[in-house]
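Sequence lines set the chain letters: A, B, ... in the order given, protein chains first and strands last, and positions in each chain run from 1.
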Number of protein chains: 2
Amino acid sequence: MTKTTASPSRKRRAMPKQDRRIQLIKATISCIANKGLSNITMADITTEAGLSLGIVNLHFQSKNNLLVETLRFVVDEYNEGQAKILKKRSTKTTQEILEDHLAFDFSAKVCQKDKLAVWFGFWGEAKSRPTYQKICAESDSATESSISTLFQEIIEEGNYQGPDADTVTKGYTAIVEGLWLDLLITPAAFNRKNAKRVARAYLAAMFPQHIDL
Amino acid sequence: MTKTTASPSRKRRAMPKQDRRIQLIKATISCIANKGLSNITMADITTEAGLSLGIVNLHFQSKNNLLVETLRFVVDEYNEGQAKILKKRSTKTTQEILEDHLAFDFSAKVCQKDKLAVWFGFWGEAKSRPTYQKICAESDSATESSISTLFQEIIEEGNYQGPDADTVTKGYTAIVEGLWLDLLITPAAFNRKNAKRVARAYLAAMFPQHIDL
DNA sequence: TATCAATGAATGAACGTTCATTAACTTGTA
DNA sequence: TACAAGTTAATGAACGTTCATTCATTGATA
């Protein structure tokens with residue numbers, strides 16, 4: 001674990017509220033990756049951040065609140081990255097946007113082990129925690145509706161006679177999440193490059209005129 | 001939660017050791033689905049089983065042991081189901097085996113919410129728990145090697161010029177796991193039939209002579 | 001009667017939360 | 001500019017709760 005502050009030194013009242021919150025969220029992400037969502041303690045998180053035990057309740061009221069905000073942070077970061085790609089639709093071809101999506105979904109930033117551990121940590125608890133489930137489901141539906149629009153355009157351009165846009169979209173998001181899982185579970189035998197190749201094979205099979213193997 | 005025994009009645013010494021173990025494992029599966037892997041207590045599990053608090057330590061030595069055995073139970077059940085399908089290779093065509101795999105991966109038994117909750121619960125903790133990671137990784141590799149052999153045969157039969165067997169295998173296992181996640185996260189909007197259709201679209205795109213949309 | 005699965009009250013460790021105290025920063029006054 | 005009074009972020013010891021584990025006791029079976 002690497003400290004996210006310079007030191008536990010005598011500099012107090014140093015940071016604006018929002019920065020402290022983000023500092024604590026980032027420490028939480030590290031701790032989830034290192035100790036698991038179910039095993040982290042307040043002491044783990046505050047030690048990782050180089051701060052004192054009481055700080056989380058000061059800024060987040062409760063541990064549960066911090067965890068929810070951490071999930072939201074990771075989810076928002078991903079959704080914003082996707083939205084940015086789609087914003088360029090007016091200046092790029094559908095082929096290019098498709099490539100951008102692939103590049104993004106298997107970028108170092110998105111596939112960072114810590115981030116993946118957060119996704120799967122919360123997915124693992126989602127069934128029994130309505131709050132987690134809601135945040136995850138909303139993110140999924142945002143992702144799917146934006147990708148589906150793109151796929152619809154591509155299907156019209158290519159006059160593809162295969163499955164409809166929604167089906168291809170479900171398949172794409174599923175394969176991406178499944179490959180992320182592989183990256184998390186078998187990190188030695190599998191890497192981003194391999195994962196991207198597998199996802200590309202899917203898109204190439206669905207949209208052969210738009211993307212090559 | 002439904003009791004897995006008839007009642008917490010005065011019947012002691014009633015069951016052989018192995019049956020008690022399975023009874024406790026099944027109670028654990030229910031509890032993971034209902035309360036989440038990180039939230040279950042010994043009291044939850046033993047109450048669900050209709051037994052007393054000390055019983056888990058008697059049969060499993062520790063809570064952690066019970067959890068590991070529960071993961072192994074679910075993993076073994078899945079792997080045995082797959083092995084059974086492949087055993088019929090000598091009496092069935094590759095098309096039929098392919099259909100059997102699809103039917104199995106999206107069967108009610110495999111897609112049972114409780115079982116999915118167990119998979120994702122442990123996947124979520126795998127990054128920080130070597131024991132979980134090892135069991136999950138071994139299962140993954142067993143699944144992949146058996147499916148890859150089948151896909152290799154199909155590729156030769158169809159003289160397919162697309163991606164190699166290992167790539168298609170990774171894609172298939174990834175899409176299945178991703179669809180399971182969807183079933184778990186958005187149960188209302190998505191069901192087994194939809195999921196199977198999406199997976200079928202993948203296989204149909206890869207092996208058009210062997211399977212239809 | 002001897003054996004052993006099963007029980008559940010008791011134990012002690014781990015953990016989230018609280019809050020009195022400390023210290024950094026701001027504002028008001030001369 | 002200097003300094004006092006006021007404000008609030010940050011600290012961490014103490015507290016109360018939760019929970020896994022233990023083990024003396026119970027009672028069914030052979």
Let me check something: any side-chain donor-acceptor pairs from residues 110-123 of chain A under 3.5 Å, sequence neighbours excluded? List them with distances.
{"from": "Gln112(A)", "atom 1": "OE1", "to": "Lys115(A)", "atom 2": "NZ", "distance (Å)": "3.4"}
{"from": "Lys115(A)", "atom 1": "NZ", "to": "Glu77(A)", "atom 2": "OE1", "distance (Å)": "2.9"}

Separation of [X] atom [atom1] from [N] atom [atom2], in whole Å?
{"X": "Arg20(A)", "N": "dC25(C)", "atom1": "CZ", "atom2": "P", "answer": "11 Å"}
{"X": "Asn57(A)", "N": "dC19(C)", "atom1": "CG", "atom2": "C1'", "answer": "11 Å"}
{"X": "Leu58(A)", "N": "dT18(C)", "atom1": "CG", "atom2": "P", "answer": "12 Å"}
{"X": "Met42(B)", "N": "dC19(D)", "atom1": "CE", "atom2": "P", "answer": "12 Å"}
{"X": "Leu53(B)", "N": "dA6(C)", "atom1": "CG", "atom2": "C1'", "answer": "12 Å"}
{"X": "Asn39(A)", "N": "dA14(C)", "atom1": "CG", "atom2": "P", "answer": "13 Å"}

For Ser145(B), which residues count as a side-chain contact (heavy atoms from CB on, under 4.5 Å) partner, sequence neighbours excluded?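 With neighbours one apart ignored, the set is empty.
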
Taking side-chain contact (heavy atoms from CB on, under 4.5 Å) as the definition, give me every residue that meets it alongside Ala43(A), ordered by chain and number, with sequence neighbours left out.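 By the side-chain contact (heavy atoms from CB on, under 4.5 Å) rule, Ala43(A) matches Thr41(A), Leu53(A).
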
Cys31(A) and side-chain contact (heavy atoms from CB on, under 4.5 Å): which partner among Ile45(A), Thr47(A), Thr46(A)?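 Output: one option passes, namely Ile45(A).
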
N/O donor to acceptor pairs below 3.5 angstrom from side-chain atoms of residues 64-76 of chain B, sequence neighbours left out:
{"from": "Asn64(B)", "atom 1": "OD1", "to": "Arg129(B)", "atom 2": "NH1", "distance (Å)": "3.3"}
{"from": "Asn65(B)", "atom 1": "ND2", "to": "Phe60(B)", "atom 2": "O", "distance (Å)": "3.2"}
{"from": "Thr70(B)", "atom 1": "OG1", "to": "Leu66(B)", "atom 2": "O", "distance (Å)": "2.8"}

Contacts under 3.5 angstrom, residues 170-179 of chain A side chains, donor-acceptor by atom type, not counting sequence neighbours:
{"from": "Lys170(A)", "atom 1": "NZ", "to": "Glu144(A)", "atom 2": "OE1", "distance (Å)": "3.3"}
{"from": "Lys170(A)", "atom 1": "NZ", "to": "Glu144(A)", "atom 2": "OE2", "distance (Å)": "3.3"}
{"from": "Lys170(A)", "atom 1": "NZ", "to": "Asp182(B)", "atom 2": "OD2", "distance (Å)": "3.2"}
{"from": "Tyr172(A)", "atom 1": "OH", "to": "Asp105(A)", "atom 2": "OD2", "distance (Å)": "2.7"}
{"from": "Thr173(A)", "atom 1": "OG1", "to": "Thr169(A)", "atom 2": "O", "distance (Å)": "3.2"}
{"from": "Thr173(A)", "atom 1": "OG1", "to": "Lys170(A)", "atom 2": "O", "distance (Å)": "3.1"}

Of all the choices, dT11(D), dT17(C), dT7(C), which nucleotide is nearest to the side chain of Ser52(A) once you look at every atom?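 Minimum distance to the Ser52(A) side chain belongs to dT11(D).
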
If you take any heavy atom closer than 4.0 Å to DNA chain D, which residues from residues 61-73 of chain A end up in contact?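 Those residues whose heavy atoms fall under 4.0 Å from DNA chain D, taken from residues 61-73 of chain A, amount to none.
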
